[in-house]
Amino acid sequence: MNDQSKYDVIVIGGGHAGIEAAYAAARMGSKTALVSLDLNKIGYMPCNPAIGGIGKGHIVFEISALGGLMPKTATKTYLQAKMLNTKKGPAVHGLRLQIDKIEYAKESKKYLDTVENLTFITDMVHEFLVDESNAITGILCSNGTIISAQSVVLTTGTFLNGLVHVGLKNYASGRENEAPTTFLSQCIKRHGFTMGRLKTGTPPRLKGSTVDFSVMQKQESDTLHYLFEFDKHTTTTKKDCYITRTNENVHNTIKENAHLSPILRKHLEGLGPRYCPSIEDKITRFPDKDSHQIFVGPESMSTDWLYPNGLSTSLPLEAQEKYIRAIKGFENAEIVRPGYAIEYDFVHPSQLKHTLETKKISGLFFAGQINGTTGYEEAAGQGIIAGINAHLTAHALPAFILDRTESYIGVMIDDLVTLGIDEPYRMFTSRAERRLLLRQDNVFLRLTEKAYNVGLVSQEMYEAFLKEKKEIEETLKALKEKYLETDLLRLFENNETAQETVLKITGKDLPHRCCQTIQASIKYAPYIEREEREVARLKKYQTMILPATLIYKGLHGLSIELQQKLEKVRPATIAQANLIPGMTPAALSFLMMHMNILEKSTSNTK
């Protein structure tokens, strides 16, 4: 370990948010320390060993375009690749990789070991230190060591006052068999941050040799020519995945043991994810469903453990064994680790700026589950933004902010900061109003230039990107000059792949991603143009400020529900007001008209 105790940036936590933050800050030139309880658990996957999916995959593509670590590690360690939602338009496709969780953690550490300016410190952080001007000055470790820094990024995952539940028994833990962090939680509260409790859970792990795959549906992998990274990669399958389902016997067994579930007995204080409930919660909430899908995937090439996605539970081990063995293919299954629920502290994210710096303490950044999100991808997306801005803050440089009209990461952060959360936040494509502009295929066109400008993309990759960008622009220009718009549309309405169509009509054997972008630009041109006009219109009102003193109660052009929501959220601008769920175009127009009247009234009295 480097024995120097002064850094530009300190990152606390070695999960997916922490490693992206450290990787970004160090590569940008900051002397960076990554403080973790266990260096062998860097990049660890305590839950589903998969990366990507619908919405989540878009975030990983954006991390790739920003020069982040997760896409590189995923390419090195995937077991199976699948492109989801391909029967729908390109805006909602989602790349999902089943990951070797053991190799992923090893590769994450291996990549970080090669980064200059990055030092690893094994310790527990007791508190962060703040001066009289409310600026961060460093951290205090459990051994009494003070480490100084100009920026600190806090990425605590589920460790803040973590409490694990298995049946009606519970014990303090950050993850299974890992110590929780209590002192940091006390420190955060002491500095006046508003906090809450959330919960999540994980299913039991099964011994693969005791499972009968022959009675399950095999989940075929896809042959793809790109993963999350810019460079080509033709996929291979190293291990198969399968699908089975629950049944009436499973549901009856769970109902019989419902009195032993801390979730159903409301013994857990934390709010859980609505879109990913426990199996006992699903059966209670959806009594008319006679079965639920279970996606069975491997955890690693080097273990026999299986992850049955869809069976998250907090029931005691005896009940888990009973319902597991009532599932087709699991009749003789052995549980190698019980499922459990975990609840933990989080900080309400409305206390953050769009840089993920806290409003209360300058130089202090929060990223990942501490902000109320769930999922490796959401954590990593926040981590890279926090790491970039921690570096920029340490060197007194302008902030780096992604707009919600140009990225899913921007959507996520804007949602968190502007609207806050009332349940663990997960990314869906439906959260992005301009998702037709935010596709997987055009991610490098959207973000690589920005990443290059802050020093996160190599010269070699940047030049390759410029070449691809030029190919797309020149091909689109040539096609539009040669064909009428209606003829072009007909050419792309056949059953050929984008690559086959482009080759046929241009004679160019362009890369698959280029062809997808060309196809989408032609097929969806009217819709893309409409979305671009909407973006321009909203940007016009981006600076229309809604005063902090504005009283919404009694504004008769707004419904009572919207009056209440506006009073609670207190949006700073018309653009932020537009994000409030239930906000209508008519209500937005009324607000703009009301502000114009107020401005005229104010100017007339001067």
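Position 1 is the first residue of the sequence; numbering continues from there. Quick note: numbers below take in every heavy atom, side chains included, and nothing from hydrogens, waters or symmetry partners.
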Using a 3.5 Å distance criterion without hydrogens, assess whether the side chain of [X] forms a donor-acceptor pair with backbone atoms of [Y].
| X | Y | answer |
| --- | --- | --- |
| D304 | S209 | yes |
| Q293 | G310 | no |
| S173 | E178 | yes |
| N85 | V92 | yes |
| Q440 | G57 | no |
| R175 | F159 | no |
| K169 | P316 | no |
| E331 | G329 | yes |
| S64 | V60 | no |
| E321 | I335 | no |

Only one of T374, N371, D415 clears side chain to side chain donor-acceptor pair (under 3.5 Å) with Y425; which?
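Only one option passes, and that is D415.
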
Looking only at non-hydrogen atoms, find the nearest pair between [X] and [Y] and report the distance.
| X | Y | answer |
| --- | --- | --- |
| N249 | A326 | CB-CB, 4.3 Å |
| I580 | P571 | CD1-CG, 4.2 Å |
| M124 | P180 | CE-O, 3.6 Å |

Student check: side-chain heavy atoms of [X] and [Y] closer than 4.5 Å:
| X | Y | answer |
| --- | --- | --- |
| K189 | D345 | yes |
| I370 | T155 | no |
| F366 | L356 | no |
| I421 | F346 | yes |
| K72 | E229 | yes |
| P204 | Y323 | yes |
| Q219 | Y242 | no |
| D222 | T235 | no |

Would you say [Y] and [X] are linked by a side-chain donor-acceptor pair, where the criterion is simply a distance under 3.5 Å?
| X | Y | value |
| --- | --- | --- |
| N332 | T210 | no |
| Q369 | T158 | no |
| S300 | D100 | yes |
| E107 | T77 | no |
| Q382 | T373 | yes |

Would the H251 and F286 ring centres measure less than 6.0 Å apart?
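No.
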
Are the ring centres of Y78 and H233 closer than 6.0 Å?
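Yes.
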
Let's go through H191 and T358 carefully: what are the C-alpha distance in whole Å and the side-chain angles of both, what is the deciding distance for side-chain contact (heavy atoms from CB on, under 4.5 Å) to 0.1 Å, and is it a yes or a no?
CA-CA 11 Å; H191 284 282; T358 67; over 6 Å; no

First locate atom [atom1] of [X], then atom [atom2] of [Y], and finally report the distance between them rounded to the nearest 0.5 Å.
| X | Y | atom1 | atom2 | value |
| --- | --- | --- | --- | --- |
| N252 | N257 | CG | CG | 11.0 Å |
| H165 | S278 | NE2 | OG | 12.5 Å |
| E280 | L315 | CD | CG | 4.0 Å |
| I324 | T253 | CD1 | OG1 | 11.0 Å |
| L416 | Q351 | CG | CD | 12.5 Å |
| I283 | K255 | CD1 | NZ | 7.0 Å |

Just wondering, are more than 12 heavy atoms of other shown residues or ligands nearer than 6.0 Å to [atom1] in [X]?
| X | atom1 | result |
| --- | --- | --- |
| K353 | NZ | yes |
| K110 | NZ | no |
| K359 | NZ | yes |
| K239 | NZ | yes |
| F183 | CZ | no |
| K41 | NZ | yes |

How are the rings of F228 and F61 set relative to one another: parallel (under 30°), tilted (30 to 60°) or perpendicular (over 60°)?
perpendicular

Test: K109 cationic atom under 6.0 Å from F120 six-membered ring centre, within 45° of axis
yes

Lys/Arg-Asp/Glu bridge criterion (N-O < 4.0 Å) met for E127, R190:
yes

Looking at E561 and K565, is any side-chain nitrogen of the basic one under 4.0 Å from a carboxylate oxygen of the acidic one?
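E561 and K565: salt-bridged.
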
With side-chain contact (heavy atoms from CB on, under 4.5 Å) as the criterion, how do Y408 and L402 come out once you've worked through the C-alpha distance, each side chain's angles and the decisive distance to 0.1 Å?
CA-CA 9 Å; Y408 273 85; L402 291 179; over 6 Å; no

For S221, which residues count as a side-chain hydrogen bond (donor to acceptor under 3.5 Å, both in side chains) partner, sequence neighbours excluded?
T237

Check step by step if side-chain contact (heavy atoms from CB on, under 4.5 Å) holds for Y344 and T156.
CA-CA 10 Å; Y344 54 94; T156 51; over 6 Å; no

With side-chain contact (heavy atoms from CB on, under 4.5 Å) as the criterion, how do K56 and Y376 come out once you've worked through the C-alpha distance, each side chain's angles and the decisive distance to 0.1 Å?
CA-CA 9 Å; K56 288 172 170 283; Y376 314 134; over 6 Å; no

